[in-house]
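Chain letters run A, B, ... following the sequence lines, proteins first, then strands; residues in each count from 1.
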Amino acid sequence: MTPQQISDAVVHVLEGLVTRGAVALAEVPGSVVVERPKVRSHGDYATNVALQLAKKAGMRPQELAGLLADALREVGGVADVQVAGPGFLNITVEAGAQGRVAAQVVAAGASYGRNEALAGRSVNVEFISANPTGPLHLGHTRWAAVGDALARVMEAAGASVTREFYVNDRGNQMDKFGASVEAAALGRPVPEDGYHGAYIHELAEQVVAARPDIVDLPDDERLVAFREEAYRLQLAEQQQQLEVFQTHFDVWFSERSLYGEGKVDHGLQVLDKQGHLYEADGALWMRTTDYGDDKDRVLRRSNGELTYFASDTAYYVDKRERGFDLCIYLLGADHHGYVGRLKAMAACAGDDPESNIEVLIGQLVKILRGGEEVRLSKRAGSIVTLGELVDLIGVDALRYTLSRYPVDSPLTLDVEEITRASAENPVYYVQYAHARLASILRNAADLDLAPAGDDFDPALLSHEREGDLLRALAEFPRVVASAAQLREPHRVARYLEETAGTFHRFYDACRVLPQGDEEPGDLHRARLLLVAATRIVLGNGLALLGVTAPERM
RNA sequence: GCCCUCGUAGCUCAGCUGGAUAGAGCGACGGACUUCUAAUCCGUUGGUCGCAGGUUCGAAUCCUGCCGGGGGCGCCA
């Protein structure tokens with residue numbers, strides 16, 4: 001019996017009581033909260049419906065709970081129901097009903113955990129979106145891990161998801177970047193407001209190596225040539241590193257392309273039709289204050305140049321016209337000032353800022369190195385890059401470390417510690433559980449035993465540790481659904497850690513395979529099925545985080 | 001000044017969108033391998049959930065105020 005089935009049963013029973021007139025309720029909720037109690041004596045599952053509905057029904061909570069308990073005891077698969085405390089219902093499930101979860105998991109296989117929470121939604125998830133003026137650093141790496149995991153989780157919840165990287169390849173930062181590389185190549189001092197990292201000199205060397213004639217170009221041509229060559233190299237490096245990091249983008253969207261293809265003009269027209277544009281002081285404005293922004297925003301400056309915000313607007317309109325009904329932006333806390341104007345902009349475009357656009361603000365990552373905080377500055381050149389981090393701790397450990405925390409919690413990572421502690425990373429706890437499971441299944445195969453969901457006695461899985469594990473497995477679809485709905489992929493990681501622990505404790509107490517000359521029995525077969533189900537859940541969960549599930553460790 | 005965000009064990013952090021006795025890892029101390037992987041398990045240690053009010057059967061969780069850390073408030077990108 002899964003939590004969902006229990007919830008359905010409670011609703012059904014409640015409807016019955018209302019129909020019989022035993023309970024006076026204007027409205028029966030479509031689902032009720034079914035949770036796993038922390039304390040064993042509170043049963044396998046508990047629900048607080050009676051507490052929630054007592055007032056509306058004009059009854060004392062315990063009275064309503066008593067009626068529900070009597071009716072629920074008659075439900076198939078339910079072993080016992082107790083009323084406890086102020087009116088909780090503590091439900092105990094029959095071992096057989098609970099054990100069948102293992103067969104359900106194995107039958108579903110790789111699709112176990114998938115659900116319909118976001119079915120039918122077409123989502124664009126934009127993340128990282130760094131300037132192509134330097135290597136990706138730890139901050140970007142956090143968004144890479146979290147953004148990709150979020151996309152995976154939302155897909156598992158039934159959404160159609162596109163991962164998108166917006167390349168800010170326009171504007172004066174690009175010129176400063178080009179000028180810095182050029183200066184480095186010519187042996188001149190890099191401009192004060194330019195980029196100063198060692199990577200600038202490496203880029204300069206690469207550019208000159210690829211195009212030796214570049215230094216002889218006329219000044220203005222030379223600057224452009226350096227800028228474009230360095231841009232090409234830097235973007236390629238970002239792309240290559242993200243692929244190594246198992247983060248694949250479906251779309252790399254160049255800001256410049258908005259201009260080349262007239263999309264900015266088109267975007268402005270769309271907004272103009274909605275009536276939120278006006279001219280003042282020689283500039284073109286969007287009246288974002290119509291929708292809660294603190295001030296109106298300039299789209300085209302009085303000198304005729306379009307602002308970055310104009311690009312953003314056109315880009316958003318373009319996304320919507322490409323068919324996405326939800327555009328998610330993952331931004332660092334240093335950009336949270338954009339939230340108001342982005343939402344207002346969506347409203348000005350005629351959309352619903354509550355449903356068409358979401359901005360997830362993530363706290364920045366603080367880095368300690370040698371006990372000192374490393375100030376992340378691309379221009380000063382003090383950065384810890386994605387490439388360095390991958391080399392230090394590996395893709396799996398890095399992805400996992402960054403995606404096991406909620407994005408709105410600030411993260412402090414000590415570079416030495418994260419390197420030294422990589423062996424203690426919780427990811428290995430989960431992966432080790434998976435490898436153990438795989439090992440049992442290999443050993444079973446050597447004994448000609450294979451997990452068979454259609455030939456086992458679920459009631460044999462009655463050990464306390466087996467029950468714990470079955471309930472954990474039954475929880476997985478709810479975890480995936482809530483992670484998707486709340487946009488919190490870290491819930492999957494936390495769930496995996498818990499479930500891995502539950503498995504390790506099961507393993508410690510329950511022998512799965514026959515020993516010595518022992519003949520395989522029904523209990524062996526039942527436990528083997530439970531092992532197969534657990535391996536599927538851990539494997540599916542790790543996949544949602546983009547982390548590998550090793551067969552051996 | 002205005003806005004956002006965070007404040008939970010010595011450290012890093014969870015806390016299932018209001019539930020029952022607030023958890024995990026690391027650290028410290030002590031146990032468990034002739035048996036399916038000891039990268040594991042078990043026990044001990046450890047808390048005024050920043051502070052003060054409020055909402056209700058019930059608050060770490062929601063509301064208000066204050067204190068403290070971080071961040072944001074350009075016709076910059």
Side-chain angles (χ1 to χ4, degrees), chain A residues 33 35-39 41-42 46-48 51-52 54-55 60-62 84-88 90 131 133 168 170-174 176 255 280-285 294-295 297-303 305-309 311 332-340 361-364 366 404-406 408-414 417 421 423-433 435-444 446-447 475 478-479 482-483 485-486 488 490-491 493-495 497-498 500-501 503-505 507-516 524 527-528 531 552-553:
Chain A
V33 178
E35 56 181 15
R36 285 194 294 164
K38 292 175 203 150
V39 189
S41 61
H42 294 159
T47 176
N48 61 358
L51 291 159
Q52 301 286 0
K55 189 170 278 182
R60 288 186 303 108
Q62 304 203 357
F88 289 102
N90 293 337
N131 294 332
T133 56
N168 295 132
R170 191 176 161 277
N172 62 27
Q173 291 302 319
M174 290 297 289
K176 288 179 183 172
E255 182 184 359
D281 305 327
L284 180 67
W285 298 72
D294 16 3
K295 54 170 294 192
R297 306 292 170 177
V298 171
L299 293 167
R300 190 177 57 234
R301 289 185 267 163
S302 49
N303 66 7
E305 281 182 43
L306 289 154
T307 63
Y308 187 82
F309 187 56
S311 300
D334 53 342
H335 287 73
H336 89 252
Y338 287 9
V339 179
I361 294 300
Q363 292 292 312
L364 302 179
K366 193 186 290 182
R404 70 187 289 265
Y405 302 102
D408 56 5
S409 86
L411 204 51
T412 305
L413 294 181
D414 185 314
E417 190 179 296
E424 300 163 351
N425 192 305
V427 72
Y428 297 116
Y429 185 74
V430 178
Q431 287 186 318
Y432 181 62
R436 260 186 163 176
L437 288 155
S439 172
I440 296 172
L441 290 165
R442 275 195 306 273
N443 294 338
D446 289 344
L447 298 172
E475 209 64 25
R478 292 208 299 185
V479 171
S482 70
Q485 285 170 321
L486 298 171
E488 292 184 348
H490 78 277
R491 287 170 188 276
R494 299 292 171 163
Y495 165 80
E497 289 167 32
E498 253 185 69
F503 161 69
H504 283 309
R505 284 184 287 277
Y507 180 90
D508 190 58
C510 300
R511 173 77 200 190
V512 177
L513 298 176
Q515 302 185 71
H524 298 124
R527 284 181 173 166
L528 186 59
V531 163
R552 299 169 198 272
M553 282 177 77

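- Between Y405(A) and the phosphate of G25(B), there is no side-chain N or O to OP1/OP2 separation shorter than 4.0 Å.
- Nearest-nucleotide mapping onto RNA chain B: of S41(A) and H335(A), the residue sitting toward the 5' end is S41(A).
- By the 4.5 Å heavy-atom criterion applied to side chains, M174(A) and T133(A) are counted as neighbours.
- Following rounding to the nearest Å, H490(A) (NE2) and G23(B) (P) show an atom-to-atom distance of 18 Å.
- Stacking annotation: H42(A) is stacked on the base of A20(B) (ring centroids less than 5.5 angstrom apart, interplanar angle below 30 degrees).
- Protein atom CG of D508(A) is 8 Å distant from nucleotide atom C1' of U40(B), rounded to whole Å.
- Closest to the side chain of L513(A), from the set C76(B), C6(B), C36(B), is C36(B).
- A syn orientation is assigned to C33(B), its glycosidic angle lying within 90° of 0.
- What separates CG of N90(A) from P of G19(B) is a distance of 15 Å, to the nearest Å.
- Between Y428(A) atom OH and U40(B) atom P there is a gap of 12 Å when expressed in whole angstrom units.
- As judged by a 4.0 angstrom heavy-atom cut-off over every strand, A333(A) is placed among residues touching the sugar-phosphate backbone only.
- Taking 4.0 angstrom as the limit, R301(A) places a side-chain polar atom (N or O) nearer than this to OP1 or OP2 of C76(B).
- For R301(A) (side chain) and T307(A) (main-chain N/O), no donor-acceptor pair under 3.5 Å exists by modelled atom type.
- Distance noted for atom P between U48(B) and G43(B): 24 Å (whole Å).
- Counting all heavy atoms, side chain and backbone alike, A84(A) lies closest to N90(A) at CB-ND2, 3.2 Å.
- For A39(B), the OP1/OP2 oxygens have a side-chain nitrogen or oxygen of Y432(A) closer than 4.0 Å.
- One P atom belongs to G65(B), the other to G1(B), and the distance between them is 14 Å to the nearest Å.
- Using a 4.0 Å heavy-atom criterion, one finds that S302(A) contacts the bases of the nucleic acid, with or without backbone contacts as well.
- In this structure, G171(A) reaches the sugar-phosphate backbone alone: every heavy-atom distance under 4.0 Å involves primed, P, OP1 or OP2 atoms, never a base.
- Within 4.0 Å of Y507(A), counting heavy atoms only, lies at least one base atom of the nucleic acid.
- In the set C76(B), C3(B), G19(B), G19(B) carries the atom at the smallest distance from any side-chain atom of F88(A).
- Under the Watson-Crick or G-U wobble criterion, with both distances below 3.5 Å, G1(B) is paired with C73(B).
- Side-chain contact between S302(A) and D281(A) is absent, with no heavy atoms from C-beta onward closer than 4.5 Å.
- The nucleotide whose nearest atom lies closest to any side-chain atom of P86(A) is, among U5(B), G71(B), G19(B), G19(B).
- No N or O donor and acceptor, one from the side chain of D334(A) and one from the base of G72(B), sit under 3.5 Å apart.
- Side-chain atoms of E255(A) and S311(A) form a donor-acceptor pair, as typed in the model, at a separation below 3.5 Å.
- Comparing G47(B) with A32(B), their P atoms sit 28 Å apart, to the nearest whole Å.
- Rounding to whole angstrom units, CG of residue D408(A) and P of C3(B) are separated by 20 Å.
- Applying the 4.0 Å criterion to OP1 and OP2 of G74(B), one finds that Y308(A) has every side-chain N and O outside that range.
- Between R36(A) atom CZ and A20(B) atom P there is a gap of 15 Å when expressed in whole angstrom units.
- Considering only side-chain atoms of R436(A), the nucleotide from C41(B), U40(B), C75(B) that sits closest is U40(B).
- Taking the P atom of each, A20(B) and C26(B) are spaced 26 Å apart, rounded to whole Å.
- Looking at heavy-atom distances under 4.0 Å, P37(A) makes no contact with the nucleic acid at all.
- Considering all non-hydrogen atoms of both residues, V298(A) and A283(A) come closest at CG1-CB, 4.3 Å.
- With distances taken from any side-chain atom of A46(A) to the nucleotides A20(B), C75(B), G71(B), the minimum falls on A20(B).
- Between K295(A) and C75(B), a side-chain N or O to OP1/OP2 separation shorter than 4.0 Å is present.
- Here C41(B) is the nucleotide among A20(B), C41(B), C75(B) with the atom lying nearest to any side-chain atom of R505(A).
- Judged by atom type and distance alone, S439(A) does not reach the base of C36(B) through any side-chain donor-acceptor pair under 3.5 Å.
- Under the Watson-Crick or G-U wobble criterion, with both distances below 3.5 Å, C41(B) is paired with G31(B).
- For N48(A), no side-chain nitrogen or oxygen approaches OP1 or OP2 of G58(B) to under 4.0 Å.
- C11(B): Watson-Crick or G-U partner is G25(B), with both key distances under 3.5 Å.
- The side chain of R491(A) sits closest to G15(B) out of U37(B), C41(B), G15(B).
- Using a 4.0 Å heavy-atom cutoff across all strands shown, N303(A) reaches no nucleic acid atom at all.
- Here the separation of G54(B) from A22(B), taken at their P atoms, is 22 Å to the nearest Å.
- Note on R297(A): nothing from the nucleic acid sits closer than 4.0 angstrom, heavy atoms only.
- Nucleotides of RNA chain B nearest to E35(A) and H336(A) differ in position, and the one nearer the 5' end is that of E35(A).
- Look at the P atom in both G53(B) and A60(B): the space between them is 14 Å, to the nearest Å.
- In this structure, N425(A) contributes its side chain and V427(A) its backbone to a donor-acceptor pair below 3.5 Å.
- Within the 3.5 Å criterion, the main-chain N or O of A444(A) finds no donor-acceptor partner in the side chain of R442(A).
- H504(A) comes within 4.0 angstrom of the backbone, heavy atoms only, and of no base.
- The NZ atom of K38(A) sits 6 Å away from the P atom of G23(B) (whole-angstrom rounding).
- Rounded to whole Å, the C1' atom of C62(B) lies 14 Å from the corresponding atom of G19(B).
- Of all heavy-atom pairs spanning M553(A) and Y428(A), the tightest one is CE-CD2, 3.9 Å.
- Residue Q52(A) contributes atom CD, which lies 9 Å from atom C1' of G19(B) at whole-angstrom precision.
- Between G58(B) and C6(B), the distance separating the two C1' atoms is 26 Å to the nearest Å.
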